[in-house]
Asker: 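Just passing along the structure, written as C-alpha cells.
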Amino acid sequence: MYDSPLAIQSFAEFSEREKQLLVCWDDYLTKKKVPSGLRSLISSSWKRCERMRVSPLQTQVQVVSDQYDLLQKKVENKLLLEVAMPFMEEIFLHFPTEKIISAVLTDACGVIIEIKANQKSLSTAESHTFFQGADWTEGSAGTNAIGTALATGQPTQVFGAEHFCWAWHPWVCSAVPIRDPLTNKILGILDISGEKGLVLAHDLYYLVSQVGKIEHNLTLHLTQENALTLQTLTDSMGDPFVVIDVNGTVKRSNVPAKMMLDLKEESILFNILEWAADPLEWRERLSNIFEEKLRSRNGTAWVAKFYPYKIAGKLFGSMVLFKKEWSQRIQTSVGHVARFHFSDLVTQHPSMLNLIEVAKKAAFSDQTVLITGETGTGKEVLAQAIHNHGSRREGPFVAVNCGAIPEELLASELFGYEKGAFTGANRQGKKGKFLLADKGTILLDEIGDLPLKVQTYLLRVLEERMVHPLGRERPIPVDVRVIAATHKDLEQELRKGNFREDLYFRLKVIHFQLPPLRRRKQDLPLLVDRMVAQLTKGKRKPSVDPAAMRVLEAYHWPGNLRELRNVLDRALFYAENRIGLEHLPKEIVEQARDREAVWIMSSWKEKREPLDEREKLLWALEATRWNITQTARILNVSRMTVYRWMKRYGL
Ligand SMILES: Nc1ncnc2c1ncn2[C@@H]1O[C@H](COP(=O)(O)OP(=O)(O)OP(=O)(O)O)[C@@H](O)[C@H]1O
C-alpha cells in the first residue's frame with residue numbers, strides 16, 4: 001500500500017476512504033489479517049498496539065500527571081513551551097470558529113502539556129481525555145498522530161478508522177515531531193486534532209512549516225542560552241578565560257580574567273600582557289591549539305592555552321584559558337601562612353556547628369585528618385582553621401595540590417632531592433614540601449589524585465615520620481601534621497584499585513565531611529554578608545536586595561561556596577551600592593525561579609487544604625515575582641485569565 005504521510009490525497013475520496021478504512025479496521029480485529037488497503041505506517045502501528053495489548057474498545061487514555069507532575073513537566077519543557085506557544089496561537093487563529101478542533105503540544109513522552117482550542121472544542125476534548133497530563137503514546141491511546149509520530153519520528157496524519165481505538169474514529173489528527181536543533185532528539189510533538197470532515201483544513205504541511213519555524217527559534221534561544229551558560233560557567237571556573245577575535249581583541253571575558261589579569265573587553269590581549277614569545281608570530285597560529293607563557297602585571301607567571309574558535313569551519317578567533325604555572329599552582333596558600341580561622345566558618349547549621357566543635361578539639365592533636373566534600377565546600381578553609389587553632393599555629397602551613405603536579409615530579413616536590421639527584425634537577429637540590437612544613441601542617445589537597453607509587457612513599461612517611469629525599473642515603477626526621485582533602489569518593493577509588501586501603505585508614509583517623517551549600521541554605525544570608533564584607537575589604541558594603549537574596553537561597557549551587565563567592569565577586573563588579581537581581585547571572589535567576597515554582601506547588605500539595613482562587617493566584621504571582629506568563633503556566637490558565645483574576649481580586 002502507498003505510504004504517504006497524508007491520510008487522504010483529496011477531499012473527493014473522503015467518504016469512499018472512510019468506508020474502506022472501517023472495513024479494514026473490522027477485518028483486522030475480527031480476522032486478524034493485515035488488510036491490503038491500509039498505509040503500511042498504519043498497519044505497522046496496529047501491530048505495535050496489539051503487542052502492547054491496547055484495547056481497541058477503550059474510550060479513555062492514561063492520565064499520568066496530577067497538577068504537580070504537570071507543573072514539573074512544564075518546568076522541564078519551559079523553553080519548548082515558550083517557543084511553541086506563539087505558533088500555537090497563530091495556528092489557533094486559522095481554525096474555523098464553530099468547528100471542533102484543537103492544537104496541542106506534548107512533551108517527548110507524548111504527554112499533553114499545552115492545548116489551544118475554543119470552549120466547545122475543549123469540552124469535547126475533555127470527554128476524550130484529550131487534555132493536559134494525558135498520555136497519547138501508542139501504548140496508551142493506540143494508533144494516533146501523536147503516538148505514531150513519536151514512534152516513527154515522522155510527520156504523521158491519522159484519519160478516522162486508521163485510529164486503532166474506535167473511540168477516536170470520528171477524528172482526524174496531524175502531528176509533527178519537534179526536534180532539538182543540536183542533538184536531533186525529539187523534544188515534543190505539535191498536533192492538530194479535529195472532526196474528520198476537517199481533514200484538508202489543517203494541512204499537515206502547514207504544521208511542518210510551523211515546526212520548522214519553532215526549531216529555528218529554538219536554535220536562536222539555545223545559542224543565547226549557550227552564551228549565558230558559558231558566561232556563568234566561565235565565571236565560576238576560578239581561572240581566567242577570554243574569547244578573542246582574529247585581531248586579538250577581547251570579546252568576552254570572565255570575572256577572574258577581569259580581576260587577575262586586569263583585562264577589559266575590547267582591549268587587545270597581545271598588548272596588555274608580557275609574553276615570552278613575540279605575539280605577532282603566534283597570531284598566525286590561531287587556527288591551531290597551542291600554549292604560550294606570559295606574566296600578568298603583578299608578576300604572576302601564567303600558561304595560556306589557545307583553542308581555535310570556529311563557526312561552520314570559519315575561524316573567528318580563539319578561546320584562551322589561563323592557568324597559573326604549575327610551580328605557582330601547587331602551593332595554594334600564600335607564603336606558607338594560613339589565613340582562615342574558625343571565626344570565618346560562619347554557620348547556624350547543626351551538623352556544621354558540631355563539625356566545628358570536633359575540629360577545634362582535633363586541632364590540638366597530631367592525628368591525621370581527612371576532609372571530604374564536594375568541590376568548593378571549604379575543605380582548605382577548614383584545614384587552615386584547624387592549623388591556626390592548634391599548637392602548631394606558629395609553624396608553617398603548606399598546602400600542596402597533588403592533582404596539579406606532573407606525576408613524574410610529584411615525589412621530588414613532596415619529599416625533595418639532593419643536589420645532582422637526577423638530570424634536570426636543581427643544582428642546589430630541593431627541599432620538599434614535607435620539610436618546608438616542619439613544625440607545622442601540610443595540606444595534601446586532591447589526595448584522591450595521588451598516583452599509587454607516591455601513595456606508597458607517603459604511607460612510609462606517615463609511619464616513620466621521616467622523609468627520604470631523592471638521592472639521599474639517610475632519611476630526615478620530620479615533625480608535620482598531615483591533613484588530606486579530596487572531593488573524590490575514596491572508598492570508591494579503593495574499590496577501583498586506585499587508592500591504597502592502608503593509606504586510606506591511616507588518613508581518615510579523624511574524618512570531616514563538609515556538607516554541600518544546598519544542604520545548608522539557612523547559612524546563606526550569613527555567608528553572603530561575610531563574603532561581601534571580605535570582598536569589599538573595608539570599603540562601603542553594598543546591601544543585598546531581598547529579591548536577590550531569595551534567588552541566591554533558591555539556587556542549587558553546584559560549585560558551592562567558591563561559586564557563591566565568584567557570583568558575589570561578579571555582582572560587586574557591576575553593582576554600585578546595592579546588589580539586585582540584575583547583577584546576578586541570568587541563568588541563576590531563572591533556575592532559582594523554576595525551583596521555587598516547583599516548591600510552591602509541592603507545598604500546596606503538602607498543605608492539602610484547598611486554596612481559594614485568590615490565594616492560589618497570590619502564591620503563584622509571588623513565586624514568579626509577578627511574572628504573568630510564568631504565573632499562567634503554574635496555574636495552568638491563559639495569561640488573559642491571570643489578568644482577569646488580578647482585576648477581579650484587585651491585585
Ligand atoms: N567559610 C568561608 N568563608 C568565606 N569564604 C569561604 C568559606 N569557605 C570557602 N570559602 C570560599 O570558597 C573558596 C573555596 O574554598 P576551598 O578552597 O576551601 O574549597 P575546597 O573544598 O578546598 O575546594 P576544592 O575541592 O575545589 O579544592 C575559597 O577560596 C573561599 O573563597
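All residue numbers in this chain count up from 1 along the given sequence. Counting starts at 1 for both ligands and their atoms, following the listed order.
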Asker: In the protein, what heavy atom is nearest to atom 14 (C) of ligand 1, and what distance, to one decimal place, separates them?
Answerer: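 Minimum-distance protein heavy atom for atom 14 (C) of ligand 1 reads R562 NH2, 3.7 Å.
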
Asker: For atom 2 (C) of ligand 1, what's the nearest protein heavy-atom neighbour? Residue, atom name and distance, please.
Answerer: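 Its nearest protein heavy-atom neighbour is D344 O, 3.8 Å.
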
Asker: Between K185 and D180, is there a salt bridge with N-O shorter than 4.0 Å?
Answerer: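 A salt bridge is absent here (no side-chain N lies under 4.0 Å from a carboxylate O).
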
Asker: Using a 4.0 Å cutoff against the non-hydrogen atoms of L345, which atoms of ligand 1 qualify?
Answerer: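 Close to L345: 1 (N).
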
Asker: Distance to 0.1 Å, residue and atom name: give those for the protein heavy atom nearest to atom 23 (O) of ligand 1.
Answerer: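 Sorting protein heavy atoms by distance from atom 23 (O) of ligand 1 puts G376 N, 3.0 Å first.
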
Asker: Applying the side-chain contact (heavy atoms from CB on, under 4.5 Å) test to V346, which of R530, M352, M531 qualifies?
Answerer: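 Single side-chain contact (heavy atoms from CB on, under 4.5 Å) partner of V346 among R530, M352, M531: R530.
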
Asker: In the protein, what heavy atom is nearest to atom 7 (C) of ligand 1, and what distance, to one decimal place, separates them?
Answerer: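 That would be L561 CD2, 3.6 Å.
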
Asker: Should the proximity of L564 to ligand 1, defined as any heavy atom under 4.0 Å, be assigned to the side chain, the backbone, both, or neither?
Answerer: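 The answer is neither; L564 stays 4.0 Å or more away.
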
Asker: Using a 4.0 Å heavy-atom threshold (strictly under), name the region of R565 that reaches ligand 1: side chain, backbone, both or neither.
Answerer: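 Answer for R565: side chain.
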
Asker: With heavy atoms of E446 as the reference, note each atom of ligand 1 found under 4.0 Å away.
Answerer: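 So the answer, numbered in order with elements, is 25 (O), 27 (O).
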
Asker: For atom 26 (O) of ligand 1, what is the closest protein heavy atom, and at what distance to 0.1 Å?
Answerer: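 Heavy-atom neighbour on the protein nearest atom 26 (O) of ligand 1: T375 OG1, 2.6 Å.
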
Asker: Nearest to atom 28 (C) of ligand 1, what protein heavy atom do you find, and at what distance?
Answerer: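 Answer for atom 28 (C) of ligand 1: V381 CG2, 4.4 Å.
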
Asker: Got a salt bridge between R339 and D344, using NZ or NE/NH1/NH2 to carboxylate O under 4.0 Å?
Answerer: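 No, R339 and D344 are not salt-bridged.
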
Asker: Between K430 and E413, is there a salt bridge with N-O shorter than 4.0 Å?
Answerer: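 Looking at K430 together with E413, the answer is yes, because their closest N to O distance falls below 4.0 Å.
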
Asker: For ligand 1, which atoms have a heavy atom of Q534 less than 4.0 angstrom away?
Answerer: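 Near Q534, meaning under 4.0 Å from one of its heavy atoms, ligand 1 has 4 (C).
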
Asker: Centre-to-centre under 6.0 Å for H389 and F364, is that the case here?
Answerer: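 Close enough - the centres of the two rings lie under 6.0 Å apart.
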
Asker: Looking at K496 and E493, does any basic side-chain N land under 4.0 Å from a carboxylate oxygen?
Answerer: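 Counted as a salt bridge, because a side-chain N and a carboxylate O are separated by less than 4.0 Å.
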
Asker: List the closest protein heavy-atom neighbour of atom 5 (N) of ligand 1: residue, atom name, distance to the nearest 0.1 Å.
Answerer: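 The closest one turns out to be M531 CE, 3.5 Å.
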
Asker: Nearest 0.5 angstrom please: T377 OG1 to L561 CG, how far?
Answerer: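 Those atoms lie 7.5 Å apart.
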
Asker: I'd like to know if the side chain of R500 pairs up with that of T456 as donor and acceptor (distance under 3.5 Å, no hydrogens or angles considered).
Answerer: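 Short answer, yes.
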
Asker: Numbering the atoms of ligand 1 from 1, which are under 4.0 Å from a heavy atom of D445?
Answerer: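 Those qualifying, in numeric order: 27 (O).
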
Asker: For atom 19 (O) of ligand 1, find the nearest protein heavy atom and state the residue, atom name and distance (0.1 Å precision).
Answerer: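 Result for atom 19 (O) of ligand 1: G378 N, 3.2 Å.
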
Asker: Looking only at non-hydrogen atoms, which of H341, H487, K379, M352 approaches atom 21 (O) of ligand 1 most closely?
Answerer: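 Among H341, H487, K379, M352, the closest heavy atom to atom 21 (O) of ligand 1 belongs to K379.
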
Asker: Salt bridge or not between E374 and R519? Use side-chain N to carboxylate O under 4.0 Å.
Answerer: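 No, this pair does not count.
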
Asker: Scan D245, I244, I289, V242 and name whichever one has a side-chain contact (heavy atoms from CB on, under 4.5 Å) with S318.
Answerer: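 Among D245, I244, I289, V242, the one that satisfies the side-chain contact (heavy atoms from CB on, under 4.5 Å) with S318 is I244.
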
